Amino acid sequence: MDNQRFLPKGAISVDVPYDGPPKSFYFLLLPNTTMLAFSAAIEPLRISNQLARKQLFEWYVLTPDGAPVACSNGIRIQADHPMQDLNKGAYTFVCSGTEPMTSFDAGVLNWIRKQKAHGCDFGGICTGAFALAKAGLIGDRKFTVHWENRPGFCENFTTMVPTQNLYEIDGKLRTCGGGHASTDMMLEVIEEMFGNALALSVSEMCLHRRAGESGSTQVSPVSALLGTRNAKLIEAVQIMRNHIESPLSLESVADLANLSRRHMERLFRQHTNMSPGRYYNNLRLDRAFALLNETDLSVSEIAFASGFSSADRLSVHFRGRYRVSPHNFRRSWAHGDDG
């Protein structure tokens, strides 16, 4: 047992009446893993051991080939092991980040399926659910991914819809949106295994205010994004968000929000400094931008998924906002160019 690694010294202790073997956690890091999300999952485990003054948890880093993996910030993390057979009951989390659909191959998917068949519990951190979905581990259970990657996930896996919550625990499937949501998910795992007192103490040591429950959403309310609590404007924006692929006319948006067209125009000008039409168009371009980055869909397919009648129409609007065509944007992104 590596006491220095798994059992650090601390000034505060919590009585945890447990004398069993440590719970084994494995983190499979895929290329472009988000370091914040990964470290936010590891630290609650370390602090639990420190507070309990005993080894409640042990954790290991896996990479597909055992070589260091580069995170999305360019920093490389050393692996403890390559992918290998794990003991039954091991808790295994797939960690991913940017470009999630290109971060795994058939070997990774086969390993996930094999370990699941051997009795390992699986979870996903940040965009780890992409690999889990491709491997067939999600099914009809509740799960989540980072909000930025949600549109891309829905286009890649059309029968699965992630929630917008910080994290989800559905049976033995544990997923979170990444960032500090990893800590929230792990705090619930700690509470489930060792009680509320330890989870609360770990939260305090992390200087972290718990979300309270998995139902807390990842993204800020529309009111916060708009900087206003005007109920009618918020309702109009939410209607637009709910109708991206098949956009409504502005008259229909106004009618559904119980607004006159003129009143809606005034509200958007006052609170967003743009017309309702431009705001709606930007929402659709946001969707197109995400799909260009996160999917292999053709530009024509992305145009329709973003509410544009053709690739040409998307190109006109995309170039107007981003100063580059969708085709050239995707090409420059793939080649790592700046423009």
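What you are looking at is a predicted structure, and each value in this text was computed from that prediction instead of being measured. Heads up: numbering here begins at 1 and tracks the sequence.
The ring-ring contact (aromatic ring centres under 6.0 Å, His included) search around His317 returns Phe308, not counting sequence neighbours. With sequence neighbours excluded, no residue forms a salt bridge (Lys or Arg N to Asp or Glu O under 4.0 Å) with Glu148. Every residue was checked against the ring-ring contact (aromatic ring centres under 6.0 Å, His included) condition with Phe304, not counting sequence neighbours, and none meets it. With sequence neighbours left out, the side-chain hydrogen bond (donor to acceptor under 3.5 Å, both in side chains) criterion links Ser310 to no other residue. Listed by chain and residue number, Tyr279 satisfy the ring-ring contact (aromatic ring centres under 6.0 Å, His included) test with Phe268 (two or more places apart in sequence, or in another chain).
For residues 273-283, the set of pairs meeting the salt bridge (charged side-chain N to carboxylate O under 4.0 Å, His left out) definition, not counting sequence neighbours, is empty. Evaluation of the salt bridge (charged side-chain N to carboxylate O under 4.0 Å, His left out) test over residues 292-321, restricted to residues two or more places apart or in two chains, returns Asp286-Arg321. Pairs of residues two or more places apart, or lying in two chains, that qualify as side-chain hydrogen bond (donor to acceptor under 3.5 Å, both in side chains) and include a residue from residues 61-80 are Arg5-Asp80. Pairs of residues two or more places apart, or lying in two chains, that qualify as side-chain hydrogen bond (donor to acceptor under 3.5 Å, both in side chains) and include a residue from residues 25-52 are Glu43-Arg46, Arg46-Gln50.
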Just list the side-chain donor-acceptor pairs under 3.5 Å for residues 116-135, sequence neighbours left out, or say none.
from   : atom 1 : to    : atom 2 : distance (Å)
Thr127 : OG1    : Ser96 : OG     : 3.1
Thr127 : OG1    : Gly97 : N      : 3.0
Thr127 : OG1    : Gly97 : O      : 2.8

Run the side-chain donor-acceptor check on residues 17-25: report pairs under 3.5 Å with partners two or more places apart or on a different chain.
from  : atom 1 : to    : atom 2 : distance (Å)
Tyr18 : OH     : Pro21 : O      : 2.6
Ser24 : OG     : Glu58 : OE2    : 2.6

Just distance, no hydrogens or angles: give the donor-acceptor pairs under 3.5 Å from side chains in residues 248-257, sequence neighbours left out.
from   : atom 1 : to     : atom 2 : distance (Å)
Ser249 : OG     : Ser252 : N      : 3.1
Ser249 : OG     : Ser252 : OG     : 2.9
Glu251 : OE2    : Arg261 : NH1    : 2.5

